[in-house]
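To start, the structure under review is shown below, and the notes come after it.
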Amino acid sequence: MGFAEQRFNVNLSILFTEFPLLERPAAAAAAGFTAVELWWPWVDSPTPERSELDALKKAIEDAGVQLTGLNFYAGQLPGPDRGALSLPGTESERFRANIDVAASFAESLGCKALNALYGNRVEGVDPAEQDALALENLVLAARAADRIGAVLLIETLNAPESPRYPLVSAPAGVAVVDRVNEATGLGNARFLMDLYHLSMNGEDLPSVIERYADRTGHVQIADNPGRGAPGTGSLPLEDLLDRLAKAGYAGWVGLEYKPGDRPSAEAFDWLPRESRAAR
């Protein structure tokens, strides 16, 4: 099979960041891609002005690309934060204020996947209290996703880079997926399998794929070490994606890697141009 048989999208929050936000969809299209995903673009605002939302929507539509994934508000990301939904107080309130805004924006562009980053542990706060708050907020997010026919994604990160983030193994992420589905009865919470993060945690990736491919709603990749493009590290990404496909995963593969010291458009030489457009 190989890379040519996969469905790739480009994460515009880590690639093409040398361009202003509104120019990135067109830059991805110029590189041959027809699908993109985004972290929440307005890190300081869970509820941006309508004009800002409309401008980004127009940029995506004008570029002729499909938005296939969007994060809910996650605090300062990139930056010190790893989500807001399990943080008591203001950040949890900001996450809740963002739920309908993000879902409506996703719906307006036909986006069917919303990612909810769990959030770091807070010193002095009982982890059980954070987990209870997280479940409340994830239930709200799952219901909002369901209203637009979307899935809610739960992502595992890695302990070396995110030491205060509690979901740093595939089983931990899937356990939250199960709790959300049990609480809502909707069944639309799914695991976001990021092969870079899992490899940084030292997990057995073929085993993770075998166990959890059927619970996975989205896949993201970067090579390791370095979080660069496929081929810049030692991860057998082509083989791993083949294993996912053989296990029944037919969804998107998000390119969520750093381009290195070169323009983003030059960071795709591993993928023939004819294989970049969505099929």
Side-chain angles (χ1 to χ4, degrees), residues 1-16 24-25 27-39 60 63-71 109-115 150-151 153-156 170 173 190-200 203-224 226-260 264-279:
M1 296 179 67
F3 288 137
E5 301 303 316
Q6 309 295 332
R7 291 202 301 159
F8 293 107
N9 62 30
V10 177
N11 190 305
L12 297 182
S13 298
I14 192 169
L15 284 155
F16 296 107
R24 293 177 203 170
F33 292 95
T34 57
V36 299
E37 63 182 34
L38 281 163
W39 302 340
I60 291 170
V65 295
Q66 174 66 46
L67 182 68
T68 58
L70 178 68
N71 282 21
L109 287 162
C111 174
K112 298 298 185 182
L114 290 161
N115 183 24
V151 297
L153 299 171
I154 309 295
E155 183 173 5
T156 293
R190 308 283 287 172
F191 180 47
L192 195 164
M193 185 185 292
D194 186 308
L195 296 177
Y196 167 75
H197 288 309
L198 296 174
S199 70
M200 283 285 288
E203 295 190 62
D204 181 334
L205 298 183
S207 176
V208 168
I209 289 167
E210 182 180 356
R211 292 178 65 189
Y212 300 124
D214 63 342
R215 317 283 287 286
T216 297
H218 187 46
V219 171
Q220 291 174 332
I221 64 168
D223 215 332
N224 187 26
R227 200 173 184 176
T232 60
S234 58
L235 278 185
L237 288 167
E238 195 164 13
D239 173 68
L240 293 169
L241 293 181
D242 280 351
R243 288 174 181 266
L244 270 160
K246 290 172 184 174
Y249 180 76
W252 294 100
V253 176
L255 304 180
E256 195 184 59
Y257 59 78
K258 299 175 182 178
S264 295
E266 297 177 10
F268 304 106
D269 51 0
W270 58 276
L271 183 64
R273 189 177 181 90
E274 61 269 18
S275 299
R276 300 176 189 179
R279 292 173 299 285

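By convention here, the first residue in the shown sequence is residue 1. Keep in mind that what you see is a predicted model, and the values were worked out from it rather than measured.
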Quiz prompt | Approximate separation, where rounding is to 0.5 Å, of F8 CZ and F268 CZ | solution = 11.0 Å

Quiz item: Within the side chain of T68, is there an N or O that forms a donor-acceptor pair under 3.5 Å with the backbone of V36?
Solution: yes

Please tabulate, one pair per line, all N/O donor-acceptor pairs under 3.5 Å involving side-chain atoms of residues 203-213, not counting sequence neighbours.
from : atom 1 : to   : atom 2 : distance (Å)
E203 : OE1    : A170 : N      : 3.1
E203 : OE2    : A170 : N      : 3.1
D204 : OD1    : S207 : N      : 3.2

Quiz item: How about P230 and Y257: do any of their side-chain heavy atoms sit closer than 4.5 Å?
Solution: yes

Exercise. Output yes when a side-chain donor or acceptor of T34 lies under 3.5 Å from a complementary backbone atom of A278, and no otherwise.
Key: yes

Practice problem: Report the distance from atom CG of D242 to atom CZ of F3, rounding to the nearest 0.5 Å. | Solution: 8.5 Å

Exercise. Return yes if some donor-acceptor pair links the side-chain N/O of D194 with the main-chain N/O of V219 below 3.5 Å, else return no.
Key: no

Quiz item: Rounded to the nearest 0.5 Å, how far does CG of N71 lie from CG of N115?
Solution: 4.0 Å

Exercise. Under the ring-ring contact (aromatic ring centres under 6.0 Å, His included) rule, collect the residues that match up with F191, sequence neighbours excluded.
Key: none

Quiz prompt | Closest heavy-atom pair and its distance - D223, S234 | solution = OD1-N, 3.2 Å

Practice problem: Find the distance between OH (Y249) and CZ (R7) and round it off to the nearest 0.5 Å. | Solution: 7.5 Å

Self-check item: E155 side chain vs G173 backbone, donor-acceptor pair below 3.5 Å
Solution: no

Practice problem: Under the side-chain contact (heavy atoms from CB on, under 4.5 Å) rule, collect the residues that match up with R190, sequence neighbours excluded. | Solution: V151, L153

Self-check item: R227: partners by salt bridge (Lys or Arg N to Asp or Glu O under 4.0 Å), with sequence neighbours left out
Solution: E256

Practice problem: Report the distance from atom CD1 of I154 to atom OG1 of T216, rounding to the nearest 0.5 Å. | Solution: 12.5 Å

Practice problem: Applying ring-ring contact (aromatic ring centres under 6.0 Å, His included), name anything that partners Y196, two or more places apart in sequence or on another chain. | Solution: none

Quiz item: If you take all heavy atoms of P259 and I14, which pair is closest and at what distance?
Solution: CD-O, 3.8 Å

Quiz item: Which pair of heavy atoms, one from A150 and one from C111, lies closest together, and at what distance?
Solution: CB-O, 4.3 Å

Self-check item: Under the side-chain contact (heavy atoms from CB on, under 4.5 Å) test, residues paired with D239 that sit two or more places apart
Solution: P236, R243

Quiz prompt | Matching residue for L67 among L38, N9, L12 - test: side-chain contact (heavy atoms from CB on, under 4.5 Å) | solution = L38

Exercise. Calculate, to the nearest 0.5 Å, the distance between atoms CD1 and CG belonging to I221 and L235 respectively.
Key: 9.5 Å

